Trainee: 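This is the structure I want to talk about, given as structure tokens.
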Amino acid sequence: DMALVFKDADAISVSDIDGSTLTTQLTVVKGTVTVTLGSTGAALSAGVNGSPTLSLTGTAAQVNLALATLKYQGNKDYFGADTLTVLTTDAEGLTDADPVALTVNPVNDAPILTAVGNLGYKEASPGVLMDPLLTISDVDDTTLASATVSIESSVAGDVLGFAAQGGIVGEFDAVQGVLRLSGDAPV
């Protein structure tokens, strides 16, 4: 999942007509916020980077330099709406709160293959069942459409076999040493 960087048209900045020291609190619900302080002059006065809430303290210019590095990262596998609340307080205790609507788009996470056993095979031996406890899961899809299984160092005569089942069929390419599985089946 990719981080959202607030820059250009999405840049967030603060100001104070009195020019006093400001504290700007950044809060999200469904993710984390991070800034790079470097030589900005701003200080992290509460919270920590990579958490749902942190506060910056400094002049408006210092806080704005830090805000120019602001990144939002949605929680793992989360997609949907979130809100970044920017709450700025000046030295006199006056506050300004600004909500920023965020939309976290889903990403296609790769399926995960879990093998329980190891395949031991000796050349010219009869065929062996690869792993009867092999499982495939996909956090963002309940149906898989295809897969490939390959022999890393295939030689003439090597074969990968597959018995069609559950709507999945297999075709072995002996030249490439690749078994292509196709069809739709629930994970």
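Everything numeric in this text was worked out from a predicted model, so none of it was measured.
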Trainee: Is there any side chain to side chain donor-acceptor pair (under 3.5 Å) pair reaching into residues 86-109, and which pairs are they, with sequence neighbours excluded?
Mentor: Thr24-Thr88
Trainee: Would you list the pairs meeting salt bridge (Lys or Arg N to Asp or Glu O under 4.0 Å) in which at least one residue belongs to residues 171-182, sequence neighbours left out?
Mentor: Asp173-Arg180
Trainee: Using the side-chain contact (heavy atoms from CB on, under 4.5 Å) criterion, which residues pair with Gln25? Sequence neighbours excluded.
Mentor: Thr27, Thr53, Ser55, Leu87
Trainee: Any chain of hydrophobic side-chain contacts (each under 4.5 Å) joining Leu44 to Leu67?
Mentor: yes
Trainee: Please enumerate all residues that pass side-chain contact (heavy atoms from CB on, under 4.5 Å) together with Ile168, with sequence neighbours excluded.
Mentor: Phe162, Leu181, Ala185
Trainee: Can you list the residues that meet the side chain to side chain donor-acceptor pair (under 3.5 Å) rule with Thr23, with sequence neighbours excluded?
Mentor: Thr57
Trainee: Find out if a path of hydrophobic residues (ILVMFWY) with successive side-chain heavy-atom gaps under 4.5 Å connects Val159 to Val169.
Mentor: no
Trainee: Under 3.5 Å, which donor-acceptor pairs do the side chains of residues 28-39 form with other protein atoms, sequence neighbours left out?
Mentor:
from: Thr34; atom 1: OG1; to: Gly50; atom 2: N; distance (Å): 3.4

Trainee: Scan for side chain to side chain donor-acceptor pair (under 3.5 Å) pairs involving residues 7-16, sequence neighbours excluded, and state none if there are none.
Mentor: Asp16-Ser20
Trainee: Under the salt bridge (Lys or Arg N to Asp or Glu O under 4.0 Å) definition, can you give me all pairs with a residue in residues 59-83, not counting sequence neighbours?
Mentor: none
Trainee: Look up atom OG1 in Thr114 and atom CD1 in Ile136, then write down how far apart they are to the nearest 0.5 Å.
Mentor: 9.0 Å
Trainee: According to side-chain contact (heavy atoms from CB on, under 4.5 Å), who are the partners of Thr83, at least two apart in sequence or on a separate chain?
Mentor: Thr85, Pro99
Trainee: Which residues satisfy the side-chain contact (heavy atoms from CB on, under 4.5 Å) test with Leu4, sequence neighbours excluded?
Mentor: Phe6, Tyr72, Leu102
Trainee: To the nearest 0.5 Å, what is the distance between OG1 on Thr69 and CG on Asn49?
Mentor: 8.0 Å
Trainee: Can you tell me how far apart CG (Leu179) and OG (Ser150) are? Round to the nearest 0.5 Å.
Mentor: 9.5 Å
Trainee: Nearest 0.5 angstrom please: Leu84 CG to Leu70 CG, how far?
Mentor: 6.0 Å
Trainee: With a 4.5 Å cut-off on side-chain heavy-atom distances among I, L, V, M, F, W and Y, is there a chain of contacts connecting Leu26 to Ile12?
Mentor: yes
